[in-house]
There are 2 protein chains.
Amino acid sequence: MNAEKVINLGEACIEEALKIVAEQGIEQLSLRDIARRLGVSHQAPYKHYANREHLLAEIVKRCFADFSNHLDSRPESCHPMEDLGNLGHAYLTYALTKPLQYSLMFGSSLPDPGKYPEMMKQARHAFSILKDAITRLDDKKNISEIEINALFVWSTMHGMAGILQNHVAGQLNLSVDLKTVAIPKALDRIRIALEAQIANLA
Amino acid sequence: MNAEKVINLGEACIEEALKIVAEQGIEQLSLRDIARRLGVSHQAPYKHYANREHLLAEIVKRCFADFSNHLDSRPESCHPMEDLGNLGHAYLTYALTKPLQYSLMFGSSLPDPGKYPEMMKQARHAFSILKDAITRLDDKKNISEIEINALFVWSTMHGMAGILQNHVAGQLNLSVDLKTVAIPKALDRIRIALEAQIANLA
DNA sequence: ACAATAAAGTTGACACTGTCAACTTTATTT
DNA sequence: AAATAAAGTTGACAGTGTCAACTTTATTGT
């Protein structure tokens with residue numbers, strides 16, 4: 001199927017890896033399979049990635065970059081709370097439309113963060129987008145409050161995204177539709193919590 | 001080290017599997033290694049578990065049962081909101097003191113839920129504990145509202161737990177301590193959101 | 001009590017994996 | 001054009017899951 005010669009094997013490995021993860025899950029990902037599908041010897045990929053984890057770290061790094069781009073391209077709004085809502089929406093949209101990438105970033109199969117600083121640099125950048133949006137809610141807040149709120153929002157987003165795709169929720173016999181009802185309501189509750197807390201300080 | 005004969009190999013496999021996961025992570029778990037450490041042939045475990053995934057499903061099932069027990073043994077309280085706070089505390093305590101078990105249940109390495117109904121039965125039971133606590137907040141609410149709130153609370157809990165152990169947060173250069181500051185504040189925000197929403201309906 | 005049967009455990013094989021080492025080919029540099 | 005580095009190949013090894021056939025141990029029915 002991939003008879004023509006591969007121009008850039010390093011890039012081709014990443015593309016093929018994503019396909020394999022999409023088709024068979026991350027457990028089934030093997031460098032040998034990548035090589036086989038690209039019509040190349042089983043050792044060729046090792047000339048570009050020292051081992052399996054290095055390849056995964058590179059993929060995750062790009063996922064974070066792609067994720068940041070997606071968050072940055074949300075609709076503009078000059079109302080900070082509306083903007084935060086847009087951000088939440090963009091977050092979940094990403095988790096739903098690119099479940100592979102999302103689970104690579106936030107699933108438990110993440111490569112050891114300490115070993116891959118470039119990967120984590122991209123991760124911090126994504127988090128800073130959320131912090132910036134929360135800062136605009138109330139610029140009189142100190143950095144701790146902002147971080148606390150950011151972690152709160154991120155936790156809920158992360159939790160909902162996880163529930164949405166981990167087919168766990170599908171097995172809970174819920175009477176309510178997740179995407180159309182539960183998620184918007186949950187976003188409402190985040191807004192309520194943040195507004196109440198801002199009012200408290202005022 | 002385990003020279004004396006194993007009495008119940010099925011149980012011994014599970015114990016040894018948990019040890020291996022604790023020592024080396026779930027990726028390193030192999031049935032052959034379990035067999036070797038128990039001083040038994042490499043095929044012996046297969047007489048008790050058809051394959052690797054069946055063993056994992058059995059482990060996860062027990063984790064959910066243990067999790068439910070832990071949630072049920074939280075301090076009693078006749079104030080529903082306080083009880084929900086205790087529940088949240090118990091949830092996070094479990095995630096922090098038994099990170100292995102927690103990540104087995106909620107990590108991405110979960111065995112296919114559809115294939116293991118017994119496992120999911122235990123999962124539903126754990127979820128029902130949360131639903132019950134939320135029902136007591138306002139017994140005039142309909143089932144949908146309760147489920148929505150339960151998902152909201154669960155999402156935030158799940159997200160925070162994930163952030164707490166996924167070493168992701170440790171790499172974000174946060175200025176605030178997670179356990180002592182950020183988590184209690186986040187629980188506050190959950191309470192605020194739920195109270196505001198109950199007041200709205202009243 | 002004892003033969004029949006099922007369960008538990010062993011041994012051997014196979015295809016698959018990651019990874020090391022040595023080699024050949026191709027591209028780059030000087 | 002020679003020297004050198006990069007990219008790709010081939011072969012090997014230990015580890016893995018799992019199938020099949022076998023032996024040992026327990027259970028069971030009569």
Side-chain angles (χ1 to χ4, degrees), chain A residues 1-60 104 107-112 115-116 119, chain B residues 1-60 104 107-112 115-116 119:
Chain A
M1 71 171 60
N2 225 323
E4 67 277 15
K5 192 141 98 214
V6 168
I7 292 98
N8 186 332
L9 185 56
E11 292 299 311
C13 283
I14 289 184
E15 283 177 35
E16 208 66 27
L18 284 175
K19 285 188 202 168
I20 293 173
V21 173
E23 292 166 11
Q24 308 173 331
I26 191 169
E27 290 88 1
Q28 298 301 317
L29 179 67
S30 81
L31 290 198
R32 281 182 111 105
D33 195 27
I34 293 171
R36 202 178 304 120
R37 290 168 60 136
L38 292 174
V40 95
S41 82
H42 70 267
Q43 275 291 349
Y46 282 86
K47 298 293 166 175
H48 298 266
Y49 306 100
N51 56 41
R52 191 177 184 273
E53 205 182 32
H54 272 76
L55 172 62
L56 277 179
E58 176 64 27
I59 292 176
V60 172
L104 284 173
S108 64
S109 47
L110 191 74
D112 184 1
K115 285 186 192 167
Y116 302 97
M119 181 180 82
Chain B
M1 68 174 58
N2 224 325
E4 66 276 18
K5 189 140 98 213
V6 167
I7 292 99
N8 186 331
L9 186 55
E11 292 299 312
C13 283
I14 289 184
E15 283 177 34
E16 208 65 28
L18 284 175
K19 285 186 201 168
I20 293 173
V21 172
E23 292 165 10
Q24 308 172 331
I26 191 169
E27 290 89 358
Q28 297 302 317
L29 179 67
S30 81
L31 290 198
R32 283 182 109 107
D33 195 27
I34 292 172
R36 204 177 304 120
R37 290 169 59 137
L38 292 174
V40 94
S41 81
H42 71 267
Q43 274 292 348
Y46 282 86
K47 298 292 164 175
H48 298 267
Y49 306 101
N51 55 41
R52 192 177 184 273
E53 205 183 31
H54 272 76
L55 172 62
L56 278 178
E58 176 63 27
I59 291 176
V60 172
L104 284 173
S108 63
S109 47
L110 191 75
D112 183 3
K115 287 187 192 167
Y116 302 98
M119 181 180 83

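For the pair Tyr46(A) OH and dA22(C) P, the interatomic distance rounds to 18 Å; values are reported in whole Å. Protein atom CD of Gln28(B) is 14 Å distant from nucleotide atom C1' of dA14(D), rounded to whole Å. Residue Leu9(A) contributes atom CG, which lies 13 Å from atom C1' of dT9(D) at whole-angstrom precision. When the P atom of dT16(D) is taken as reference, atom CZ of Arg37(B) falls 12 Å away, rounded to whole Å. Rounded to whole Å, the distance from CG on Leu29(A) to P on dT17(C) is 10 Å. Here the C1' atom of nucleotide dA5(D) and the NZ atom of Lys47(A) are 11 Å apart, to the nearest Å. Between the CG atom of Leu56(B) and the P atom of dT16(D) there is a distance of 15 Å, rounded to whole Å.
Salt bridge Arg52(B)/Glu27(A): absent, no basic N to carboxylate O contact under 4.0 Å.
As the counterpart of dC13(D), dG18(C) is assigned, both hydrogen-bonding distances of the Watson-Crick or G-U wobble pattern falling under 3.5 Å. Searching all strands for a Watson-Crick or G-U wobble partner of dC23(C) with both distances below 3.5 Å returns dG8(D).
Of the two residues contacting DNA chain C, namely Arg32(B) and His42(A), the nearest-nucleotide position lying further toward the 5' end is that of Arg32(B).
Relative to the side chain of Ser41(A), the nucleotides dG18(C), dT9(D), dT10(C) differ in distance, and dT9(D) lies closest. For Leu31(A), the side-chain atoms get nearest to dG18(C) when compared with the rest of dT9(D), dC16(C), dG18(C). Of the listed nucleotides (dC16(C), dG8(D), dT10(C)), dC16(C) has the atom at the smallest distance from the side chain of Arg36(A).
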*Criterion side chain to side chain contact (heavy atoms under 4.5 Å, CB included) on Ile20(B) and Arg37(B), from CA distance to verdict*: CA-CA 10 Å; Ile20(B) 293 173; Arg37(B) 290 169 59 137; 3.5 Å; yes

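Shown here for Leu29(A) and Ile34(A), the closest heavy-atom pair between the two residues is CD1-CD1, 3.9 Å. Residues Pro45(A) and Val40(A) approach most closely at CD-CG1, 4.4 Å, considering heavy atoms. When all heavy atoms are compared, the tightest approach of Gln28(A) to Gln24(A) is CG-O, 3.2 Å.
Taking the ring pair (Phe, Tyr, Trp, His ring centres under 6.0 Å) definition, one finds that Tyr49(B) meets it with nothing, sequence neighbours left out. For Tyr116(B), the ring pair (Phe, Tyr, Trp, His ring centres under 6.0 Å) test picks out His54(B), with sequence neighbours left out.
Heavy-atom distances under 4.0 Å link DNA chain C to Asn51(A), Arg52(A) of residues 48-55 of chain A, given in residue order.
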